[in-house]
Amino acid sequence: MRFLSTIVPLGLILMNVLVVGGAGYIGSHAVARLLAEGHRVVVFDNLSRGHAQSVPAETFVKGDLTDSALVEKTLHENEIDVVMHFAAFAEVGESVREPAIYYQNNVVATLALLEAMRQIDVKKIVFSSTTATYGQPEKMPIAETTPQNPINPYGFTKLVIERALADYAKAYGFGYAALRYFNAAGAKPSGEIGEHHDPESHLIPIVLQVALGQRESITIFGDDYPTPDGTCIRDYIHVEDLADAHLRALERLKPGEGICVNLGTGKGISVREIVDACREVTGHSIPAVIGERRPGDPAELVADARLAEKVLDWKAKYTNVKDVVATAWRWHQSHPHGYET
Ligand SMILES: NC(=O)c1ccc[n+]([C@@H]2O[C@H](COP(=O)([O-])OP(=O)(O)OC[C@H]3O[C@@H](n4cnc5c(N)ncnc54)[C@H](O)[C@@H]3O)[C@@H](O)[C@H]2O)c1
Ligand SMILES: O=c1ccn([C@@H]2O[C@H](COP(=O)(O)OP(=O)(O)O[C@H]3O[C@H](CO)[C@H](O)[C@H](O)[C@H]3O)[C@@H](O)[C@H]2O)c(=O)[nH]1
């Protein structure tokens with residue numbers, strides 16, 4: 001007999017959730033939140049870019065998405081109700097240099113996951129999509145009605161899966177959410193878990209590594225963009241706000257329907273402003289040098305997140321970038337080498 005989701009008072013439905021890529025940065029924060037809410041969680045991750053220490057050991061299954069037998073077994077034995085899918089390669093610059101691994105891991109491996117789900121009749125999924133599916137729109141902020149024209153392979157791979165999910169919803173009755181995150185940032189305020197990529201490519205952790213004395217300076221990739229201070233503008237969304245949106249999406253999945261929403265704060269912050277915020281939070285001078293533009297980088301990406309407010313009843317709680325940086329700084333100070341002891 002299929003283990004039915006437990007219905008507890010106050011209408012909260014507890015589910016069996018498979019978190020694919022749950023040992024990564026955003027996934028581990030979602031896992032912590034799911035467990036805190038009482039859901040039953042199984043983390044499935046090949047640890048290619050994640051850390052077993054970031055999730056409770058009893059929840060963890062090591063495996064690759066392309067190992068269909070293992071994915072099916074995990075779905076079946078744990079009577080999974082819904083999948084949260086974070087597993088992917090997620091670096092714009094790397095995707096330009098190495099598109100093959102992006103198409104393989106983000107497209108081929110995800111299609112294998114969808115097939116395994118179909119085999120076991122698990123048809124609910126929350127998918128990590130991205131702003132990168134929009135490319136460089138002419139108008140800011142970016143709404144969900146903005147055409148999706150990616151300008152780098154990473155964005156294309158995520159758009160392919162959004163389209164596949166829409167078709168799987170229509171043809172097979174999948175219920176899905178494609179959450180288009182803007183730039184994930186920050187860490188759990190307790191400092192227990194946070195961002196650890198090796199090598200690190202994301203702006204805030206790199207700037208904080210300068211403050212920790214692990215790098216001499218931060219290189220700003222281009223100061224000749226058509227933005228007020230010449231550096232790229234992004235919308236930095238706290239990882240705890242992302243986790244919150246996932247929980248809300250989970251409760252709203254319906255067979256045959258898709259929820260496609262932006263997750264951002266609606267505020268654009270330049271690279272220089274991030275460096276300044278890090279200087280203020282850490283009290284370190286953080287030397288910055290200007291370098292070449294990084295291929296594949298759009299000048300400006302800012303969310304119009306009003307649809308998420310309407311559909312998920314969700315709004316970013318962290319709206320001041322200094323508060324976001326402060327949580328990241330707590331994590332980096334307590335874990336200067338990330339999850340490595
Ligand atoms: N970080 C951001 O700013 C951002 C923004 C938008 C969207 N996203 C998306 O959110 C998701 C999570 O991003 P993140 O920053 O936490 O990345 P991450 O690299 O920290 O986490 C990804 C996890 O997936 C695992 N994984 C990768 N391929 C796998 C496979 N084939 N089988 C099993 N496990 C596999 C990795 O080991 C890692 O633990 C990604 O899908 C990414 O595209 C991230
Ligand atoms: O050493 C650095 C690192 C980054 N940057 C700049 O800082 C900004 C942010 O760069 P990140 O690498 O931190 O993030 P991206 O905007 O490239 O991409 C992130 O957000 C995207 C969505 O907007 C994707 O989803 C992607 O997965 C995620 O890594 C960019 O303008 C980048 O050029 C620097 O100037 N110097």
Side-chain angles (χ1 to χ4, degrees), residues 19-30 43-52 54-55 61-67 70-71 84-95 101-102 104-106 108-110 112-113 127-134 142 150 152 154-155 157-158 161 178-185 194-207 209-210 215 217-223 225 227 231-237 239 242 246 262-264 269-272 274-275 288-303:
V19 186
V20 181
Y25 168 44
I26 305 170
S28 59
H29 286 78
V43 175
F44 188 96
D45 198 299
N46 66 6
L47 297 182
S48 58
R49 303 209 167 168
H51 307 274
S54 69
V55 289
V61 175
K62 185 174 177 191
D64 192 278
L65 281 185
T66 55
D67 183 348
L70 183 60
V71 176
M84 276 192 189
H85 176 27
F86 296 92
F89 292 152
E91 289 177 28
V92 170
E94 183 185 57
S95 81
I101 62 169
Y102 275 71
Q104 173 58 39
N105 203 41
N106 296 3
V108 176
T110 295
L113 168 67
F127 170 62
S128 304
S129 189
T130 167
T131 336
T133 58
Y134 292 109
I142 301 170
N152 52 58
Y154 169 63
T157 64
K158 291 285 179 172
I161 298 305
L179 304 182
R180 298 176 189 152
Y181 324 153
F182 283 61
N183 287 53
E195 186 165 10
H196 176 190
H197 295 118
D198 191 14
E200 189 53 76
S201 70
H202 295 104
L203 180 64
I204 293 176
I206 291 182
V207 178
Q209 284 172 356
V210 181
R215 293 174 189 256
S217 60
I218 171 76
T219 301
I220 294 177
F221 295 147
D223 68 349
Y225 284 96
T227 59
T231 67
C232 287
I233 290 176
R234 295 287 183 272
D235 182 336
Y236 293 87
I237 177 77
V239 71
L242 291 179
H246 281 75
N262 292 337
L263 298 179
I269 313 280
S270 74
V271 175
R272 275 195 208 277
I274 289 290
V275 176
V289 296
I290 305 300
E292 294 292 310
R293 286 184 178 198
R294 186 174 65 178
D297 268 348
E300 185 174 1
L301 299 170
V302 181

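For ligands, and for the atoms within them, numbers begin at 1 and follow the listed sequence. Along the sequence shown, residues are numbered consecutively beginning with 1. As the structure is a computational prediction, the values presented were derived from the model and not from experiment.
For D235 (side chain) and A303 (main-chain N/O), a donor-acceptor pair under 3.5 Å exists by modelled atom type. The backbone N or O of H196 lies less than 3.5 Å from a partner atom in the side chain of H51, making a donor-acceptor pair. Side-chain N or O atoms of D45 include one that pairs as donor or acceptor with a backbone N or O of A23 at under 3.5 Å. Using a distance-only test at 3.5 Å, with no hydrogens or angles considered, a donor-acceptor pair links the side chain of N106 to the main chain of F89. In terms of modelled atom types and a separation under 3.5 Å, the side chain of S128 and the main chain of H85 share a donor-acceptor contact. Remark: the backbone N or O of G93 is not paired with any side-chain donor or acceptor of E91 at under 3.5 angstrom.
Taking CD1 from I206 and CZ from R215, the interatomic distance works out to 4.5 Å, rounded to the nearest 0.5 Å. With values rounded to the nearest 0.5 angstrom, N46 atom CG is found 8.0 Å from F44 atom CZ.
Residue Y25 places at least one N or O, backbone or side chain, under 3.5 Å from an N or O of ligand 1. Polar contact check, I26 against ligand 1: a nitrogen or oxygen pair lies under 3.5 Å apart. The distance criterion of under 3.5 Å between nitrogen or oxygen atoms is not met by A87 with respect to ligand 1. The shortest N/O to N/O separation between S129 and ligand 1 does not fall below 3.5 Å. Taking any N or O of G24, backbone or side chain, at least one lies under 3.5 Å from an N or O belonging to ligand 1. Taking any N or O of G27, backbone or side chain, none lies under 3.5 Å from an N or O belonging to ligand 1. Some N or O of N46 is nearer than 3.5 Å to an N or O of ligand 1, by distance alone. The distance criterion of under 3.5 Å between nitrogen or oxygen atoms is not met by Y181 with respect to ligand 2. When only interatomic distances are considered, the shortest N/O to N/O separation between L65 and ligand 1 falls below 3.5 Å. When only interatomic distances are considered, the shortest N/O to N/O separation between L301 and ligand 2 does not fall below 3.5 Å. Ligand 2 has no N or O atom lying under 3.5 Å from any N or O atom of V92, backbone or side chain.
Remark: the D297 side chain and the Y225 side chain contain no N/O donor-acceptor pair separated by less than 3.5 Å.
Taking all heavy atoms of I142, D297, V207 into account, the minimum distance to atom 33 (O) of ligand 2 is reached by D297. Checking N183, I274, I237 against atom 23 (O) of ligand 2, the nearest heavy atom belongs to N183. Proximity annotation for atom 27 (C) of ligand 1: of A30, A88, A112, A88 comes nearest, heavy atoms only. The nearest non-hydrogen atom to atom 41 (O) of ligand 1, considering only E195, H29, H85, K158, comes from K158. The closest heavy-atom contact to atom 10 (O) of ligand 1, among the options F86, Y181, Y236, F127, comes from Y181.
Of the protein's non-hydrogen atoms, the one nearest atom 6 (C) of ligand 2 is V271 CG2, 3.8 Å. The protein heavy-atom contact nearest to atom 27 (O) of ligand 2 is A90 O, 2.8 Å. Nearest non-hydrogen protein atom to atom 5 (N) of ligand 2 is F221 CD1, 3.6 Å. Considering only non-hydrogen protein atoms, atom 36 (N) of ligand 2 sits nearest to T219 O, 2.8 Å. Regarding atom 25 (O) of ligand 2, its nearest protein heavy-atom neighbour is T130 OG1, 2.6 Å. For atom 11 (P) of ligand 2, the closest non-hydrogen atom on the protein side is R294 NH2, 3.8 Å. Of all protein heavy atoms, the one closest to atom 28 (C) of ligand 2 is H202 NE2, 3.8 Å. Counting protein heavy atoms only, atom 22 (C) of ligand 2 is closest to T131 OG1, 3.2 Å.
Here S201 has backbone heavy atoms under 4.0 Å from ligand 2, and that is the only part of it that gets that close. Counting heavy atoms closer than 4.0 Å to ligand 2, residue R234 contributes side-chain atoms (C-beta onward) but none from N, CA, C or O. Contacts of H197 with ligand 1, taken as heavy-atom pairs under 4.0 Å, involve the side chain alone. In L203, the parts holding a heavy atom less than 4.0 Å from any atom of ligand 2 are both the side chain and the backbone.
Against a heavy-atom cut-off of under 4.0 Å, I220 is close to the following atoms of ligand 2: 35 (O). Near I206, meaning under 4.0 Å from any of its heavy atoms, are these atoms of ligand 2: 1 (O). Numbered from 1 in the order shown, with element, the atoms of ligand 1 that lie under 4.0 Å from a heavy atom of A23 read 39 (O). If you number the atoms of ligand 2 from 1 as listed, the ones under 4.0 Å from a heavy atom of C232 come out as 31 (O).
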Are Y102 and E94 close enough, and set up right, to give a side chain to side chain donor-acceptor pair (under 3.5 Å), and what steps lead you there?
CA-CA 9 Å; Y102 275 71; E94 183 185 57; 2.4 Å; yes
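Ring-centre distance between F86 and H29: not below the 6.0 Å cut-off.
Using 4.0 Å as the threshold, Y236 has a heavy atom nearer than that to some atom of ligand 2. Not close to ligand 1: A185, with no non-hydrogen atom less than 4.0 angstrom away. In this structure, E91 does not count as a contact residue of ligand 2, since none of its heavy atoms falls inside 4.0 Å of the ligand. Under the 4.0 angstrom criterion for non-hydrogen atoms, A132 is not in contact with ligand 1.
The shortest distance between side-chain heavy atoms of I26 and Y181 falls below 4.5 Å.
Between G27 and V19, the shortest heavy-atom distance links the atoms O-CG1, 4.4 Å.
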